[in-house]
There are 2 protein chains.
Amino acid sequence: MFQSFESHASPSQGPTRLAALRAQLAMVGLDGFLVPRADVHQGEYVAARDERLQWLTGFTGSAGLCIVLPGVAGVFIDGRYRTQVKVQVDLGAFTPVPWPEVKPGEWVRDHLAAGKVGFDSWLHTSEEVERIENSLEDSGVILCSKSINPIDEIWPDQPDAPSGKVFVHPDALAGETAADKRARLAKDLRSAGQNAAVLTLPDSICWLLNIRGADVPKNPVVQGFAILHDDGQVDLFVAAAKLDDTVRAHLGPEVVLRAPEDFPAALAALAGPVRVDKSSAPLAVSTILRDAGVKVVWGDDPCKLPKARKNAAEIAATREAHLRDGAAMAEFLCWLDDRTPKGGLTEIAVVQALEGFRRATNALHDISFDTICGAGPNGAIIHYRVTEGTDRLIRQGELLLVDSGGQYPDGTTDITRTIAVGDPGDEARECYTRVLQGMIAISRARFPKGVSGRDIDALARYPLWLAGQDYDHGTGHGVGAFLSVHEGPQRISRLSEVPLEPGMILSNEPGYYREGAFGIRLENLIVVKEAPAMGDDRHHLAFETLTWAPFDRRLVLPDRLARGERNWLNAYHTATLEKLGSRVSPATFEWLSRATAPI
Amino acid sequence: MFQSFESHASPSQGPTRLAALRAQLAMVGLDGFLVPRADVHQGEYVAARDERLQWLTGFTGSAGLCIVLPGVAGVFIDGRYRTQVKVQVDLGAFTPVPWPEVKPGEWVRDHLAAGKVGFDSWLHTSEEVERIENSLEDSGVILCSKSINPIDEIWPDQPDAPSGKVFVHPDALAGETAADKRARLAKDLRSAGQNAAVLTLPDSICWLLNIRGADVPKNPVVQGFAILHDDGQVDLFVAAAKLDDTVRAHLGPEVVLRAPEDFPAALAALAGPVRVDKSSAPLAVSTILRDAGVKVVWGDDPCKLPKARKNAAEIAATREAHLRDGAAMAEFLCWLDDRTPKGGLTEIAVVQALEGFRRATNALHDISFDTICGAGPNGAIIHYRVTEGTDRLIRQGELLLVDSGGQYPDGTTDITRTIAVGDPGDEARECYTRVLQGMIAISRARFPKGVSGRDIDALARYPLWLAGQDYDHGTGHGVGAFLSVHEGPQRISRLSEVPLEPGMILSNEPGYYREGAFGIRLENLIVVKEAPAMGDDRHHLAFETLTWAPFDRRLVLPDRLARGERNWLNAYHTATLEKLGSRVSPATFEWLSRATAPI
């Protein structure tokens with residue numbers, strides 16, 4: 001099993017650890033400290049040794065920040081984790097703070113009249129520090145940059161840094177050789193008059209060099225740093241033990257392998273101007289450069305957009321991964337329909353079965369994230385991860401929300417279906433149908449060039465808004481090609497002003513959550529493409545759907561759908577049967593035929 | 001008649017005037033000059049003496065910019081005017097440039113290797129100049145600020161400045177006394193630590209002081225400047241002859257009347273910090289302040305948001321204005337249906353008839369803009385203004401687009417209906433129905449606090465997008481309360497990130513235009529309000545519709561509408577009959593009963 005069901009932390013350890021941290025801070029002359037979920041690479045998955053937020057507070061979410069002050073410790077969590085945080089942290093010691101509604105800097109001002117608040121300059125981006133510093137301007141609070149993290153001083157059994165093996169991502173799947181990518185990006189640097197760019201994001205480095213790794217769970221990335229020079233040469237800062245001869249040969253002589261400890265000195269030795277991404281590089285990077293007199297130019301990580309715009313080979317490979325994954329999903333959904341009437345099924349058993357169907361493809365590299373499988377009220381915990389402690393018997397009349405995905409060598413999948421167990425009633429059907437309408441609205445959309453995720457986010461929410469409902473998360477995130485399942489910069493969200501461009505893969509996942517009752521989420525992956533010519537032949541973009549698996553027809557109220565919505569659903573189901581039919585078992589084929597019948 | 005049908009300019013005069021301008025520029029040592037449509041107050045309507053762009057080029061649109069360079073003169077026009085500009089300017093002398101796709105600064109770079117380009121520092125905002133300067137950085141072109149406009153030097157019969165009489169806007173309609181407004185805004189200045197704010201927008205000054213004027217057509221504003229001090233006193237720079245004793249008594253001793261010529265000296269005599277709106281104040285204002293050593297703080301015009309958030313009295317008054325205007329519209333539409341089968345009707349006759357119905361209310365102060373009345377292909381010219389030269393016989397089988405509004409002492413209206421003359425065919429009905437669906441989507445919307453016009457603009461376009469269609473203008477603009485029919489900062493547009501707030505009045509006017517064939521636009525005014533509690537009782541906002549007049553049922557394809565859309569349309573029509581029934585003639589009542597029957 002890739003997924004484990006242990007609970008890595010419990011609220012009970014929080015108060016003691018918090019007291020130890022406060023004692024440690026007193027020793028180094030600080031009144032407070034920022035403890036982010038982020039590691040130096042700002043990734044969603046962090047190595048065990050970087051789980052400082054979880055170790056301190058018990059909170060296991062994928063984003064968050066604890067601000068420890070003398071009298072209060074705020075745990076900043078976004079809409080996805082409002083319910084979860086309440087059961088994971090000791091509410092006597094920690095105070096959940098809604099984020100981004102409350103700004104960290106302003107919260108500090110409100111809770112500390114004067115004093116010194118420290119932060120680890122390797123764990124925060126320049127942008128983040130600047131934002132907090134701005135809001136502390138004219139206050140009595142001073143933000144102090146530190147290079148030693150006090151958590152590391154008091155965490156007795158902190159694990160070692162990861163040492164996963166690096167492997168080659170074949171050119172046939174990547175669609176462009178690493179040498180071509182380096183040359184292309186180096187040319188951009190030269191035309192921008194920059195001598196080098198610093199890369200601190202593992203997925204950027206993996207994309208650029210056509211390599212993958214095993215340093216963190218779920219994301220096949222290599223933790224390390226790189227410097228791309230304007231001649232296309234790359235300095236790669238990764239522990240030598242992670243690379244075998246095959247990988248070294250693949251990298252070639254233009255990629256110089258160097259020890260991670262040498263990264264700061266190598267930065268200091270650069271000739272400027274050097275491009276640094278303000279929104280993703282640790283503050284430490286620009287500090288080192290500036291202290292050494294190297295001119296820093298803020299600019300996007302040069303891999304960000306090229307990586308986001310998947311080429312034809314990446315899209316073709318991803319399509320194949322989705323067909324394979326869809327067939328596994330169909331086997332799973334058929335099994336579930338057969339199994340649930342018998343009773344006695346728990347969330348963990350469902351997760352195990354689903355992973356089994358994916359493993360049976362013989363192509364599963366990893367799951368793309370811990371499967372979210374929430375029955376009844378657990379479905380309303382947006383990023384619920386079932387543990388032995390929370391596991392729940394699935395009962396008749398409940399909705400079961402299953403959000404899962406696979407990492408295959410040819411692509412990354414992410415799919416959510418919500419399934420009726422018995423008859424969940426018409427109120428649940430009303431809500432399900434609204435969520436489905438929102439998902440269909442995005443799926444069918446055509447739009448002019450220049451439109452960003454922000455501009456279309458409301459299309460997915462509109463059916464819910466009309467009923468006085470909504471969901472507290474974005475509509476969609478970017479997805480990588482056998483890389484991070486959450487990839488920037490594209491998103492479908494009111495926070496995203498990045499124009500959607502052909503080749504960008506996104507999730508499309510509206511939802512509806514009723515705390516204490518049920519959760520609904522429906523998710524397909526989609527890829528931006530040129531729209532087929534029609535109408536006035538404006539230059540429109542559109543989405544191609546990548547994910548194929550039936551939606552639960554028992555939860556759809558057909559008379560609520562407009563004609564175009566119903567046509568879309570029926571066409572999607574017809575295509576699902578056509579595409580998956582030859583890939584599933586005879587029993588599943590029969591089930592799939594029924595599950596994809598027109599409504 | 002408020003509307004005239006003369007053509008104020010023709011393409012033929014452009015080349016001579018352009019040559020004269022170039023000669024004048026050579027005399028003062030300039031290679032080029034910026035000639036904007038804007039006047040010193042950045043308003044949409046400018047006094048006759050400020051129609052410099054029209055005088056030079058022939059282009060009569062409400063927004064634009066001519067950049068005169070030695071070899072080329074670019075006329076920058078937005079999507080609304082792409083068709084119109086081609087017939088209004090001499091294309092041998094002037095080159096239309098799509099705006100904002102092409103940036104003025106970049107265009108100058110592309111067309112002039114080196115030289116001096118002048119601009120009138122009273123006609124451009126600081127923001128605008130900064131933007132152009134930034135894109136000219138490192139080029140050989142220098143932007144030169146001038147306080148004498150070369151057009152004024154070569155325009156022999158340039159009209160005088162306007163001298164319209166100022167009148168009082170009653171407290172009962174304004175809902176807040178001018179003294180209370182001054183005190184409220186002064187308090188904001190004090191808490192921001194600012195000694196004064198400079199007001200250069202006529203509608204801000206009129207709103208603040210509860211006065212109206214007659215300096216420009218259509219907008220009942222007073223042209224002038226004001227300085228709001230942090231004690232609530234105001235210096236008002238308006239020609240004394242415009243104010244009678246009643247107005248002077250209304251203004252009271254805390255408003256000090258001063259001559260417009262004194263404005264620069266008064267600025268220079270201020271003690272800082274002084275708030276200046278970078279996006280609306282002329283560059284000259286901040287230049288004068290800085291040259292005098294006064295600290296300038298950039299900040300919004302302090303009237304902008306308070307003016308946009310209409311209070312209960314303003315909304316109630318506006319509702320009444322719309323009922324009056326709706327009854328006039330119903331009389332007009334009834335007349336039109338009766339008249340068109342007889343043939344021989346022209347666009348001008350329609351405009352005259354409509355203005356007649358509005359005048360018959362005995363409450364019409366002015367029309368809110370020149371009625372756009374376009375039959376057949378003229379309907380596709382988005383901001384078409386009919387003249388004797390373009391007037392067109394309305395033929396059977398055509399669509400007639402009529403966009404009009406009234407300025408009443410209690411409110412400003414703006415309504416567009418598109419009417420079938422005979423049978424325009426199913427293709428026109430398909431397009432009409434899509435536009436209607438977009439208008440209904442906005443009308444019905446509920447949305448969370450914080451949502452801006454940008455976030456909902458796509459709702460109005462979506463039905464068109466699905467058919468490969470779109471429209472090249474925003475979905476809605478802000479509207480004043482017996483003030484400008486185009487009022488900021490709220491808009492429904494991908495360009496507007498201003499959160500929608502209760503009390504903001506907006507137009508909701510999607511359209512569809514097929515060049516050379518027909519145009520469709522459907523427009524109601526709406527006001528943002530707290531949404532009635534429903535669903536999860538999230539804090540949602542919604543729109544209340546202010547405009548009441550039937551949509552042409554003969555152009556609606558009922559089977560294209562989703563249930564909610566059809567319900568909205570039928571409910572709107574039922575309410576229209578209820579609200580207007582008692583206000584119209586018996587013949588119109590009968591017509592209205594048929595026109596508002598359910599579909």
Side-chain angles (χ1 to χ4, degrees), chain A residues 100-101 430-431 434 437 441-442 444-472 492-495 497 499 512-515 517 531-542 559-568, chain B residues 100-101 430-431 434 437 440-442 444-472 493-495 497 499 512-515 517 531-542 559-568:
Chain A
E101 292 82 348
E430 298 271 4
C431 298
R434 283 182 205 119
Q437 289 178 295
I442 298 290
R444 295 171 71 203
R446 290 172 63 107
F447 46 88
K449 245 186 105 177
V451 155
S452 74
R454 172 168 184 172
D455 298 313
I456 60 169
D457 181 73
L459 296 175
R461 298 176 192 275
Y462 189 67
L464 289 161
W465 282 355
L466 288 183
Q469 302 175 334
D470 202 352
Y471 48 94
D472 291 324
I492 303 177
S493 157
R494 280 208 294 284
L495 302 174
E497 306 194 351
Y512 176 69
Y513 310 93
R514 189 166 291 177
E515 199 175 330
M534 82 182 285
D536 297 341
D537 213 11
R538 282 169 176 266
H539 183 175
H540 274 180
L541 300 176
D559 72 323
R560 294 292 190 278
L561 300 183
R563 190 162 60 171
E565 292 166 342
R566 187 193 292 227
N567 289 347
W568 185 91
Chain B
E101 292 82 349
E430 298 272 6
C431 298
R434 284 182 203 117
Q437 288 177 296
I440 292 175
I442 297 290
R444 295 171 70 203
R446 289 172 63 107
F447 47 88
K449 245 188 103 178
V451 155
S452 72
R454 174 168 182 172
D455 298 312
I456 60 168
D457 180 74
L459 297 175
R461 296 176 195 274
Y462 189 68
L464 289 160
W465 282 356
L466 289 183
Q469 303 175 333
D470 201 352
Y471 49 94
D472 291 323
S493 156
R494 283 208 294 284
L495 302 175
E497 305 193 353
Y512 176 68
Y513 310 94
R514 189 166 291 176
E515 199 174 331
M534 83 182 286
D536 297 340
D537 213 12
R538 283 169 177 266
H539 182 174
H540 274 178
L541 301 176
D559 72 322
R560 294 292 190 279
L561 299 183
R563 192 165 55 170
E565 292 166 342
R566 187 193 293 227
N567 289 346
W568 184 92

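To find a chain, count down the sequence lines: A is the first, B the second, and so on, and within it residues start at 1.
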In the structure I gave you, are the side-chain heavy atoms of A/R454 and B/E497 within less than 4.5 Å of one another anywhere? yes

Validation row: B/D457, A/D455 side chains within 4.5 angstrom (heavy atoms): no

Interchain contact, B/R461 with chain A, by part (heavy-atom threshold 4.5 Å): neither

Residue from A/A533, A/A467, A/G450 scoring the most non-hydrogen pairs under 4.5 Å with chain B is A/A467

When rounded to the nearest 0.5 angstrom, what distance separates CG in A/L466 from CH2 in B/W568? 13.0 Å

Contact check, side chains of A/Y462 and B/R444, non-hydrogen atoms, under 4.5 Å: yes

Chain A contact via B/D537 - side chain, backbone, both or neither, heavy atoms under 4.5 Å: backbone

Who are the side chain to side chain contact (heavy atoms under 4.5 Å, CB included) partners of A/P448, not counting sequence neighbours? A/V451, A/H540, B/W465, B/D470, B/R494

Decide, yes or no, whether a salt bridge links A/R538 with B/D472 under the criterion of side-chain N to carboxylate O below 4.0 Å. yes

Using non-hydrogen atoms and a 4.5 Å limit, figure out which bit of A/A531 sits close to chain B: side chain, backbone, both or neither. neither

Checking B/D536 now: which residues fulfil side chain to side chain donor-acceptor pair (under 3.5 Å) with it, not counting sequence neighbours? A/Y512

B/R563 and A/R560, any side-chain heavy atoms less than 4.5 Å apart: yes

